[in-house]
Amino acid sequence: MRTTPANAETTEDVVDLLRAQHGRIRDLFDEVMDSEGKERRKAFQQLVKLLAVHETAEEEIIHPMARRLPGGDGIVDDRLAEEREAKELLSELDGMDIEDPRFLKSLDKLRIDVLTHARAEERYEFDRLKDQFSPAQLKGFAAAVRAAEATAPTHPHPGVESATKNMLAGPMASVADRVRDLIRDARGKH
Ligand SMILES: [Fe+2]
Ligand SMILES: [Fe+2]
């Protein structure tokens with residue numbers, strides 16, 4: 001069942017957009033687990049791409065601002081450690097056959113870790129950060145994140161069966177670069 005809020009694609013507030021992405025990430029984990037074959041591969045690639053866009057956006061926009069909150073350094077260090085662990089688990093998954101039962105087992109671990117991480121972000125960062133950004137920043141960053149996602153490739157190497165492996169190594173790194181560039185442009189404007 002889809003649980004993404006209806007306004008997820010149109011919000012002009014980057015904190016709301018990132019919160020809505022948490023919902024989409026949760027839905028994509030379900031899609032990967034509930035599908036098989038080509039459908040599973042496609043859903044997994046979408047998940048990898050969304051995670052690359054989302055976590056990079058948080059590293060650029062949310063965590064630096066959260067460091068300024070009381071107790072912020074500890075909060076952000078914990079979140080960054082969780083993100084690092086998730087990336088490691090994601091690259092393990094990347095080397096696996098998606099039909100291998102071990103794939104689903106590791107994916108389920110990643111799912112629980114990522115969703116726990118997302119809840120901690122919402123509670124300790126998102127809910128406390130809204131007042132820290134100007135309306136122009138919230139809007140400018142939302143546009144940058146949306147533009148980065150829209151232009152990021154989902155299928156960087158069409159026709160290659162093990163495309164996900166290539167995605168993490170090369171194109172996903174370029175997705176992260178693109179997100180960073182667009183966010184830094186937006187920062188320059190506001
Ligand atoms: Fe995160
Ligand atoms: Fe997040």
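Both ligands and their constituent atoms are indexed starting at 1 by order of listing.
- Between the side chain of Ser106 and the main chain of Phe103, no donor-acceptor pair closer than 3.5 Å is present.
- Taking the six-membered ring for Trp and thresholds of 30 and 60 degrees, Phe126 and His22 have nearly parallel ring planes, at less than 30 degrees apart.
- Within the 3.5 Å criterion, the main-chain N or O of Ser134 finds a donor-acceptor partner in the side chain of Gln137.
- In plain terms, the two heavy atoms of Ala57 and Val145 that are nearest each other are CB-CG2, 3.8 Å.
- With waters left out, the protein N, O or S atoms under 2.8 Å from the Fe ion (ligand 1) add up to 5.
- When atom types are taken as modelled, the side chain of Arg111 and the backbone of Met33 share no donor-acceptor pair closer than 3.5 angstrom.
- Among Asp16, Val15, Leu129, Ile61, the single residue meeting the side-chain contact (heavy atoms from CB on, under 4.5 Å) criterion with Leu138 is Val15.
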